[in-house]
Protein chains: 2
Amino acid sequence: MTDRLDRVFAALADPTRRDLVARLADTDATVSDLAAPYAMSLQAVSKHLKVLEDAGLVTRGRDAQRRPVHLEAEVFDLMTAWIERYRRQAEERYQRLDAVLADLAEPDAGRSETTQEAV
Amino acid sequence: MTDRLDRVFAALADPTRRDLVARLADTDATVSDLAAPYAMSLQAVSKHLKVLEDAGLVTRGRDAQRRPVHLEAEVFDLMTAWIERYRRQAEERYQRLDAVLADLAEPDAGRSETTQEAV
DNA sequence: TCCTTTGTCAACCATCTAGTTGAATAGCCA
DNA sequence: TGGCTATTCAACTAGATGGTTGACAAAGGA
């Protein structure tokens with residue numbers, strides 16, 4: 001049942017993988033190119049790329065023995081949509097709370113209909 | 001060295017924790033309130049809340065024996081900033097690529113200075 | 001004072017994760 | 001053909017994670 005968002009968030013929870021994504025935002029690259037800067041084996045980087053691929057953040061082409069890695073930036077939208085939804089909801093709540101507090105400040109100044117609980 | 005973004009992304013990689021955040025966007029709640037809908041122990045939910053707290057996504061108050069949990073929506077900005085930065089960078093790259101391709105379509109129509117590699 | 005409610009802490013367990021090394025595969029180059 | 005390059009696969013390990021149960025702590029209500 002491990003859903004798409006699970007994998008996307010989990011993929012980006014690792015600093016090496018975030019760095020890979022950051023570098024791939026600039027340009028496509030091969031596995032060995034990507035692995036070069038890190039103090040870890042090529043195989044470890046290959047695994048990280050697999051995680052990114054399973055999350056749909058990255059696709060791989062084929063150029064002879066090389067497997068150029070390409071960032072699929074649209075997947076970011078999935079996360080942004082999730083985050084923004086709840087951020088907006090939380091913000092609306094604060095606005096509602098502000099309204100209630102303003103209401104309390106000037107008592108029965110206009111017979112407000114707000115019967116929502118304050119928090 | 002496990003940095004702030006690590007914890008925020010990791011916290012949201014779990015569906016139970018995303019659900020907790022979703023519910024807290026609407027209203028503050030106690031641990032037992034939050035735990036009620038899930039087929040798991042109160043202790044497990046308490047642990048999930050600790051993960052959210054360590055990531056800074058949530059704070060806890062004190063009301064007698066109760067520990068009301070409150071969503072700190074600003075932390076979302078951290079993630080959104082990261083995501084948007086690389087999404088934008090990737091989009092700019094595509095635009096650059098589009099320009100290069102357009103350039104190729106109408107050859108030497110203006111002695112373009114672009115010496116950047118295509119991808 | 002004792003009991004109940006609310007929550008955390010501790011120990012334990014199974015599974016996942018991030019890394020390792022070594023061997024295998026796949027495609028160029030001579 | 002043989003060898004070099006690029007990459008993946010397989011087996012292993014240490015440590016993190018997500019869950020369990022049982023015991024404890026803190027505060028309110030009888």
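Chain identifiers are assigned alphabetically (A, B, ...) following the order of the sequence lines, protein sequences preceding nucleic acid strands; residue numbering begins at 1 within each chain.
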Rounded off to whole Å, could you give me the [atom1]-to-[atom2] distance for the [X] and [N] pair?
X	N	atom1	atom2	answer
B:F9	C:dT17	CZ	P	17 Å
A:L20	C:dA18	CG	C1'	13 Å
B:R62	C:dG7	CZ	P	9 Å
A:R7	C:dC16	CZ	C1'	15 Å
A:R17	C:dG19	CZ	C1'	12 Å
A:M40	C:dT21	CE	C1'	16 Å

Point-to-point distance, once rounded to the nearest 0.5 Å, from [atom1] of [X] to [atom2] of [Y]:
X	Y	atom1	atom2	result
A:E84	B:T80	CD	OG1	5.0 Å
B:L52	B:T59	CG	OG1	11.5 Å
B:L24	B:L57	CG	CG	10.0 Å

- [ ] Anything under 30° is parallel, anything over 60° is perpendicular, the rest tilted; go ahead and classify A:W82 against A:F9.
- [x]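 Answer is perpendicular, since the angle exceeds 60°.
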
TODO: Please find the earliest and latest nucleotides of DNA chain D, in the 5' to 3' direction, that have an atom within less than 4.0 Å of any heavy atom of chain A.
DONE: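 The contacted stretch runs from D:dT5 to D:dA11.
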
Task: Sugar-phosphate only, base, or nothing, as touched by A:S32 at under 4.0 Å among non-hydrogen atoms - done: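 Sugar-phosphate, no base atom in range.
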
Task: A:R23 side chain vs A:A25 backbone, donor-acceptor pair below 3.5 Å - done: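 No.
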
Task: Side chain A:R67, main chain A:G61, donor-acceptor under 3.5 Å - done: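 Flag set: sc A:R67 to bb A:G61 pair under 3.5 Å.
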
Task: Non-hydrogen atoms of B:R18 and A:D3 that approach each other most closely - done: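 It is NH2-OD1, 3.5 Å.
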
Task: Heavy-atom pair of closest approach, residues B:V8 and B:A55 - done: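 Distance-wise, the nearest heavy atoms are CG2-O, 3.6 Å.
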
- [ ] Please determine if a side-chain N or O atom of B:R60 lies less than 4.0 Å away from the OP1 or OP2 oxygen of C:dT8.
- [x]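 Checking C:dT8 against B:R60, a side-chain N or O does come within under 4.0 Å of OP1 or OP2.
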
Pair up each side-chain donor or acceptor in residues 39-49 of chain B with any protein partner under 3.5 Å, not counting sequence neighbours, and list the distances.
| unit_1 | atom_1 | unit_2 | atom_2 | d |
| --- | --- | --- | --- | --- |
| B:S41 | OG | B:A44 | N | 3.1 |
| B:H48 | ND1 | B:R17 | NH1 | 3.2 |

Open item on the list: Which residues in residues 42-58 of chain A have a heavy atom closer than 4.0 Å to any atom of DNA chain C?
Closed with: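 Within residues 42-58 of chain A, the residues near DNA chain C are A:Q43, A:A44, A:K47, A:H48.
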
